[in-house]
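Letters go in sequence order (proteins before strands), and every chain restarts at 1.
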Amino acid sequence: MNLSPDEAQSALEAIQLMTQKTRRSISNSGITLTLFITGVVWLVGYACTQFLTGPLVAYIWAGLSLLGSTLGVLIGSRMGRRVRSPSTSVYARRIGIFWLLLVLYAAAVIAVARPADGKQVTMLIILFIMIGHFAAGMLLSYSYTWWALPVTALALAGYYLLPAYFYLWMGVLGGGGMIALALYIRSRW
Amino acid sequence: MAELNEIIHQPVRLRIMAALVALEPGNEVDFAYLRDLLEVTDGNLGAHLRKLEEAGYIAVNKTFVDRKPRTYVAATPTGRDVFQAHIEALESILKRK
């Protein structure tokens, strides 16, 4: 079998294109949807926390958390149907246990630390969630991990620099930022 | 020296192998997902997969998920080696340019 350099070049380009397309399709369809859903939950939830008071805020967060978790499970199962790994079931169980333990540890830390106000509770929860994303990302794929860094930095900046507008900050910059990032990744790739 | 592989070099099969080798070793991809990724028809993809399976470059796993039949496809270790050798052969042609 003989090929000219131009034919070899076009074959290599076709391989490179397909490799990129596959990797992006697998990793980004999950991450963009996760980012978008988390962004919407944060935008609505924190905006409500900033402007509303009383038990209504807790109900809104409970509803949003339920919606976000359900959609997260649906995305996970959809991705699992597309690409299967022999270790998927083992990983899925371990990650589930990990998140459950993380929630229990977060509750224990909040109970022991007795935060002074809602902002401290929120900041602690955000930090625990981001730690969870980092840890899960390290196990599954690095592409799942990196976005937790700027979100953590944004949350800390808002907490220390603009405490009066912390919830609005988290909603618009944290949530809005995630939505914008998801749309950017979607349009770029 | 690495050699070109005639079975793999066919354009659709080249793209199939590129997609499958891009997965983590041991991972398998859904037939319908692969079809959409490659933008080919069911029949076309099925024919090329059979050729690759006969050569031992891919493994086809027919199973049931939620009581629905599903076909998963993965590159075998041999397929990965042959594909890598094919890439090296293509690169060596370019170096001789």
### Task
Report the residues that fulfil side-chain contact (heavy atoms from CB on, under 4.5 Å) with A:S4, sequence neighbours left out, ordered by chain and then residue number.
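Applying side-chain contact (heavy atoms from CB on, under 4.5 Å) to A:S4 gives A:D6, A:E7.
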query = Among all residues two or more places apart in sequence or in another chain, which pass the side-chain contact (heavy atoms from CB on, under 4.5 Å) test with A:I60?
reply =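 Once residues adjacent in sequence are excluded, the partners of A:I60 under the side-chain contact (heavy atoms from CB on, under 4.5 Å) criterion are A:C48, A:L52, A:L56, A:L64.
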Toward chain A, the part of [X] with a non-hydrogen atom under 4.5 Å:
X	answer
B:L23	side chain
B:E6	both
B:F83	side chain

Taking 4.5 Å as the heavy-atom cut-off, does anything in residues 54-63 of chain B contact chain A, and if so which residues?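 Answer by number: B:N61, B:T63.
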Quick one: [atom1] on [X] to [atom2] on [Y], what's the gap to the nearest 0.5 Å?
X	Y	atom1	atom2	answer
A:N2	B:I93	CG	CD1	8.0 Å
B:I87	A:L12	CD1	CG	7.0 Å
A:M18	B:L38	CE	CG	4.5 Å
B:E39	A:K21	CD	NZ	4.0 Å

Starting from [Y], can I reach [X] by hopping between I/L/V/M/F/W/Y residues whose side chains sit under 4.5 Å apart?
X	Y	result
A:M170	A:L156	yes
A:F51	A:V172	yes
A:M178	A:I131	no
A:L17	B:L20	no
A:V121	A:Y160	yes

- Using a cut-off of 6.0 Å, state whether more than 12 heavy atoms not belonging to A:K119 lie near its atom NZ.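 Yes, NZ of A:K119 has more than 12 neighbouring heavy atoms, counting only those of other groups under 6.0 Å.
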Requested in this report: Kindly check if the number of other-residue, nucleotide or ligand heavy atoms within 6.0 Å of CD (B:E24) is above 12?
Outcome: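 Result for CD/B:E24: open.
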Taking every non-hydrogen atom, the tightest pair across A:P5 and B:L94: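 For A:P5 and B:L94, the tightest heavy-atom pair comes out as O-CD2, 3.3 Å.
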Next item on the list: For A:A11 and B:L14, work out which heavy atoms get closest and say how close.
Entry: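 Here A:A11 and B:L14 meet closest at O-CD2, 3.7 Å.
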For this session: Give every residue pair that meets the side chain to side chain donor-acceptor pair (under 3.5 Å) criterion with at least one member in residues 41-50 of chain A, sequence neighbours excluded.
Result: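 Those involving residues 41-50 of chain A are A:T49-A:W61.
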Q.
I want to check something: taking the side chain as every heavy atom from C-beta on, are B:V21 and A:I15 in contact at a cut-off of under 4.5 Å?
A.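 Heavy-atom side-chain distance check fails, nothing below 4.5 Å.
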| query | Taking every heavy-atom pair that is under 4.5 Å apart, which of B:V73, B:L4, B:L37 has the most such pairs with chain A? | reply |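 That would be B:L37.
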